[in-house]
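These numbers were taken from a predicted model, which means no experiment stands behind them.
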Amino acid sequence: MKISIYIFLIFISSQAGSQTLGGNAAFNFVKLSASPLLTSIGGVNASITTNDIGLAFYNPALLKPAMHTQLQAAFNDFYAGIKTYNLSMGYYNPVIKTSFAYGVHYINYGNIQQTDAAGNVFGNFRPTDWVMQVSAAHSYLQKWNLGTSIKFINSDYGQYKSNALAADIGLQYQDSAKLFSASVLVKNLGVQLKKYNNVSVEELPFDLVVGITKRLAKAPFGFSFTANNLNVFDIRYNDENFNSVNVSGQNQDNKKYIFDKIFRHVVLAAHIYVDSKIEFNIGYNHLRRQELSIANSGKGLNGFSMGAGILLNKMQIRFARTNYQNNTAFNQLGINLKLNEYFGLGKFGEKIKW
């Protein structure tokens, strides 16, 4: 256990100061939520404990034996005809007491006309992004779970193609008796293998995430607090070409905005457990609300998300809806199947208690 934690900390210290963030990184599509449950709670959550392998695609430390042979398929129509698909499947090996998962997240941008700078048409092309990953997780001292994902990332935009190799490393502490869990997650440690223009190497969207989840013992509610982008304090987007300037020529953005800078790191979520088979979730992502709101117009429900789940013995059906603009939202649907219940593939694993 100590060796694993040392390796975990070495990765953090060696990468946190060298990775970029926001729109300045390549492969930012890897930050899109591949799970309806994750989408419904703000798109960022490293600590919630539930039997949904879609969350393990985001944080490998959430991969548990109870997810053995669980298959998740999730899909949605994104904006402008963009379609996203996700497939994840788990497997537990009782000999080495380790859980494994395989996942693919695929984004299809449709058929786009290809032109040059003068507007001459050269036909059509179909840009795509996808990430394929393999994950493994192992429990230590009953309450600790360490997980790692190795992923291959690929972008294909006509003549511009690029790929990268990256890793996610997560550590979760779970106290079932106190209905409490906490996690630390390092995402997108890696390097670009093939460059878009064969000249410059671009960095990956590195992220350092810390989260806690607490479920109430005598009420059907739970709450999550997640902080991300902790490797950089000020993540407010600053475009020097479009900074607001007042009549005296002084930059109006010299104000400190301390609260806004802090809260942009925070994602909040509430979980409502109607009974063992029905649950609702609500999330709020302040960074999304601030960055996607249009100046001098209403923000509406920007940054808010919600969802519901029907949890049956052999199947889970989850739905999520989230707002990226004040008058536009998109929906995501996911289905989880326990294949061992249908095809007799073995019943390894233990039930997740909460």
Side-chain angles (χ1 to χ4, degrees), residues 1 4 33-38 41 45-75 85-105 131-152 167-177 179 181 183 185 213 215 222 271 273 276-279 281 309-318 333-354:
M1 180 65 184
S4 300
S33 171
S35 162
L37 176 54
L38 185 63
I41 53 180
N45 189 297
S47 57
I48 185 172
T49 299
T50 184
N51 187 18
D52 184 348
I53 196 170
L55 293 177
F57 191 89
Y58 179 78
N59 180 6
L62 302 181
L63 181 60
K64 303 295 173 64
M67 298 173 186
H68 175 63
T69 73
Q70 185 181 134
L71 173 71
Q72 183 193 68
F75 49 91
Y85 309 90
N86 184 77
L87 185 68
S88 298
M89 183 173 180
Y91 174 80
Y92 176 69
N93 188 317
V95 177
I96 58 177
K97 298 181 179 180
T98 301
S99 298
F100 296 93
Y102 170 79
V104 177
H105 190 199
V131 55
M132 178 176 61
Q133 69 182 49
V134 177
S135 306
H138 189 84
S139 296
Y140 299 89
L141 302 176
Q142 296 184 336
K143 294 184 179 181
W144 295 89
N145 207 50
L146 178 66
T148 302
S149 293
I150 304 298
K151 51 191 180 183
F152 182 79
D168 299 340
I169 305 173
L171 180 66
Q172 185 196 38
Y173 171 81
Q174 179 187 351
D175 190 332
S176 299
L179 304 179
S181 63
S183 293
L185 173 65
T213 297
R215 181 169 176 174
H271 319 288
Y273 305 97
S276 61
K277 299 186 183 300
I278 300 176
E279 66 180 43
N281 297 283
I310 300 175
L311 315 179
L312 306 177
N313 292 333
K314 298 182 180 181
M315 176 188 300
Q316 300 178 33
I317 302 174
R318 293 188 181 273
L333 178 67
I335 299 176
N336 294 40
L337 301 175
K338 293 187 68 175
L339 298 184
N340 59 344
E341 298 288 345
Y342 288 95
F343 304 106
L345 300 178
K347 296 184 178 181
F348 303 125
E350 55 189 24
K351 183 179 179 181
I352 292 180
K353 298 181 180 180
W354 59 286

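- Here the CG-CD distance, from Asn313 to Glu341, works out to 7.5 Å after rounding to the nearest 0.5 Å.
- Between the CE atom of Met315 and the CG atom of Leu337 there is a distance of 5.0 Å, given to the nearest 0.5 Å.
- Contact between Ala46 and Asn59 at its shortest, heavy atoms only, is O-ND2, 2.7 Å.
- When all heavy atoms of Gly90 and Ile53 are compared, the pair lying nearest together is N-CD1, 3.0 Å.
- To the nearest 0.5 Å, the span separating CH2 on Trp144 from OG on Ser139 amounts to 12.5 Å.
- With a 4.5 Å cut-off on side-chain heavy atoms, Ile317 and Leu333 count as touching.
- Taking the six-membered ring wherever Trp is involved, the centroid distance between the rings of Tyr91 and His68 falls below 6.0 Å.
- Contact record, Asp168 with Lys151: OD2-NZ, 2.9 Å, taken as the closest heavy-atom pair.
- Between Leu312 atom CG and Gln316 atom CD the span is 8.5 Å, to the nearest 0.5 Å.
- In this structure, the side chains of Leu339 and Met89 come closer than 4.5 Å at one or more pairs of heavy atoms.
- Using a 4.5 Å heavy-atom cutoff, the side chains of Leu55 and Asn45 are not in contact.
- Residues Leu62 and Gln172 are in side-chain contact: their nearest non-hydrogen atoms beyond the backbone lie under 4.5 Å apart.
- Taking CZ of Phe57 as the reference point, atom OG of Ser149 lies at 8.0 Å (rounded to 0.5 Å).
- At a threshold of 4.5 Å between non-hydrogen side-chain atoms, the residues Pro36 and Gln72 count as touching.
- The heavy-atom pair separating Gln174 from Thr49 by the smallest distance is NE2-CG2, 3.4 Å.
- Ring orientation note: the planes of His271 and Tyr273 are tilted relative to one another, at an angle of 30° to 60°.
- Counting only heavy atoms from C-beta outward, the side chains of Ile335 and Leu71 never approach each other to under 4.5 Å.
- A donor-acceptor pair shorter than 3.5 Å cannot be found between the side chains of His105 and Asn86.
- Taken from CG in Asp52 to CE in Met67, the straight-line distance is 6.5 Å, to the nearest 0.5 Å.
- Judged purely by distance below 3.5 Å, without hydrogens or angles, the side chains of Asn51 and Gln70 pair a donor atom with an acceptor atom.
- Annotation for Ala74 and Ala34: closest pair CB-O, 3.6 Å, computed over non-hydrogen atoms.
- At a threshold of 4.5 Å between non-hydrogen side-chain atoms, the residues Leu185 and Tyr58 count as touching.
- Using modelled atom types and a 3.5 Å distance limit, the side chains of Ser183 and Ser47 yield no donor-acceptor pair.
- The heavy-atom pair separating Thr98 from Ala136 by the smallest distance is CG2-CB, 4.3 Å.
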Q: Could you check Tyr92 against Lys64 for side-chain contact (heavy atoms from CB on, under 4.5 Å), going step by step and ending with a plain yes or no?
A: CA-CA 8 Å; Tyr92 176 69; Lys64 303 295 173 64; over 6 Å; no

